[in-house]
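Note sheet for the following structure.
Just so you know, these numbers use all the heavy atoms, side chains as well, and skip hydrogens, waters and symmetry mates. This is a predicted model, so every value here is computed, not measured. The chains referred to below are lettered A, B, ... by the order of the sequence lines, with proteins before strands, and numbering in each begins at 1.
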Amino acid sequence: MSEKPTLPKGTRDFGPEIMVKRNFIFNNIRLVFEKFGFMSLETPSMENLNVLTGKYGDEGDQLLFKILNSGDYLSKTNQEDYNKGAKEMLSKISKKGLRYDLTVPFARYVVMNQHNITFPFKRYQIQPVWRADRPQKGRYQEFYQCDADVVGTSSLICESEIIQMINEVFQKLKINDYTIKINHRGILTGIVELIGAKGKEADFFVAIDKLDKIGFNRVLEELSSKNFSSDSLNKLKPFFDIKSDINGKITFLKNVFSANSSGYKGVEDIEAILNYIASSGVESSHLNLDFTLARGLSYYTGAIFEVKVNNSSIGSVSGGGRYDNLTGVFGLPNVTGVGFSFGVDRIYDVMEELDIFPKETTSSTEVLVTNFDNVSEKHAIKILSSLRIAGIKSEIYPESVKLKKQMNYADKKNIPYVLLIGEEEIKNQQYTLKNMNNGSQNKLPLDEIIKTLANH
RNA sequence: GUGGUUGUAGUUCAGUUGGUUAGAACGCCUGAUUGUGGUUCAGGAGGUCGCGGGUUCGAGUCCCGUCUCCCACCCCA
């Protein structure tokens with residue numbers, strides 16, 4: 001009895017034609033990370049549960065995949081544990097879990113290797129992460145993150161370089177219409193203090209983060225249901241009525257926060273980051289200072305950012321920010337750092353939706369060498385070696401079947417050239433090179449063929 | 001985790017109040033063309049109707065369960 005196989009929820013296979021496109025994204029991200037001085041790091045897929053739990057809030061803990069202990073995992077439990085419920089039972093039957101993100105494993109690595117690391121430490125990490133979330137479009141249970149973090153310096157040059165890296169990656173991917181939202185935890189704290197709602201930061205962040213989606217009025221409704229006074233809500237209005245550009249917003253905030261230290265610090269940071277970007281000579285037209293950006297409740301303490309591709313149904317494709325005490329929970333306090341992450345799966349979905357993958361990424365082989373019969377086959381293999389020595393991606397059709405079938409193979413694989421090697425070609429030492437895009441073909445000696453293909 | 005929706009050929013989808021042998025388009029294979037792909041024409045293969053159970057003389061169609069996909073929350077890349 002054979003059973004039809006299926007994939008676990010929220011996971012996917014990546015076939016060759018998909019991998020070509022995914023690698024196009026990975027390669028460009030890796031290239032940019034390395035260009036900015038980041039070094040590669042990999043950590044295990046699984047971590048001990050005590051490393052992972054408690055770092056992402058209650059919500060996050062629920063989304064952790066836990067790994068059942070090996071062997072008879074019930075041997076150390078009894079009826080009493082069972083009665084205490086799932087939470088109590090968990091610690092007896094599971095010690096490990098799959099990583100939920102790359103930042104916490106990175107923090108663990110920094111703490112464990114603190115005496116070997118030269119600070120500031122710049123690392124990038126491109127690996128899958130797992131979340132037991134309910135899947136939706138652009139939400140998977142297994143997906144890749146591409147993180148770059150700098151720890152051991154509070155310099156705002158790092159923030160400005162993150163903006164530059166985002167710009168450079170998107171430029172390489174030919175994604176033109178996107179917005180980098182930037183905000184600062186200090187500004188958010190300042191706003192909460194100014195409207196007289198100190199202590200209610202958590203509720204405020206959750207509500208304000210939805211402004212894009214549900215509109216200002218419904219945000220106000222949600223806030224008043226969380227016991228924000230109408231006086232508070234009135235004081236909030238000016239922050240969201242403002243319609244000026246980024247510099248206008250900064251002037252506005254400096255004025256408002258003249259007597260509020262955390263708010264003022266936030267504006268100063270943003271201003272400094274903008275100045276660094278200006279000094280680099282890189283354009284910053286995609287930047288937008290957005291007071292509604294809150295990025296959950298996690299470990300961020302300074303500047304925060306998030307990237308959304310416009311005119312796309314997919315949510316944010318990149319995000320990050322500065323954290324002051326990420327390694328504190330592992331016993332190493334006062335390590336400041338800043339980092340961000342690209343979501344490759346979502347970038348892929350966006351590029352597919354907008355249909356902007358460059359055509360050349362869909363092909364890998366540059367030339368197919370035909371296979372006529374046993375005699376020409378031997379000659380063709382020799383030619384094939386010469387092509388490969390010249391660094392040209394090439395393959396021979398492994399069977400001497402009908403030419404029609406071989407041509408069709410090249411067509412389906414999007415191979416731009418076919419090299420025909422038959423009796424006549426071998427006799428004249430001139431081989432027929434066919435351009436599959438326009439159908440033209442001519443007879444050339446081997447060195448001419450290599451020249452043509454190398455320039456392609 | 002809560003509520004809802006979907007599933008039929010490789011793909012996108014039809015399928016009447018439950019009624020013989022479940023269809024189309026595209027794709028795939030073969031031939032027209034034994035040294036030329038993308039166009040055209042002719043022919044062909046391909047389905048346990050997501051899976052399991054139930055109602056019925058009879059189920060792709062109705063009922064229950066389950067899995068998956070997608071959507072809204074929650075949260076997030």
Within the 6.0 Å centroid threshold, strictly below: A/F33 and A/Y124: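 Between A/F33 and A/Y124, the centre distance is under 6.0 Å.
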Same-atom distance ([atom1]) from [N] to [M], integer angstrom:
N	M	atom1	answer
B/G35	B/G23	C1'	41 Å
B/C13	B/U17	P	22 Å
B/G3	B/G60	C1'	28 Å
B/U6	B/C70	P	15 Å
B/G47	B/A77	P	44 Å
B/C64	B/U56	C1'	16 Å
B/A14	B/G54	C1'	28 Å
B/U11	B/C28	C1'	11 Å

Looking at CE of A/M46 and CZ of A/F65, how far apart are the two atoms once the value is rounded to the nearest 0.5 Å? 15.0 Å
Spatial distance of atom CG (A/L453) from atom CG (A/L433) [nearest 0.5 Å]: 5.5 Å
Residue whose nearest RNA chain B nucleotide is more 5′ - A/S440 or A/P135: A/S440
Strand partner of [N], provided both Watson-Crick or wobble distances fall under 3.5 Å:
N	answer
B/C70	B/G4
B/A42	B/U30
B/A25	B/U11

Are OP1 or OP2 of [N] and a side-chain N or O of [X] less than 4.0 angstrom apart?
X	N	value
A/K210	B/C73	no
A/K9	B/U68	yes
A/K404	B/U30	no
A/Q62	B/C75	no

Between [N] and [X], counting only base atoms on the nucleotide and side-chain atoms on the residue, is there a donor-acceptor pair under 3.5 Å?
X	N	result
A/K405	B/G37	no
A/Q406	B/G35	no
A/R131	B/C76	no
A/D411	B/G37	yes

In whole angstrom, what separates A/D373's CG from B/U34's P?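 The distance from CG of A/D373 to P of B/U34 comes to 16 Å, rounded to the nearest Å.
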Can you tell me if A/E395 and A/Y409 form a side-chain donor-acceptor pair at under 3.5 Å? yes
Ranking B/G37, B/A77, B/U2 by distance to the side chain of A/R134, first place goes to B/U2
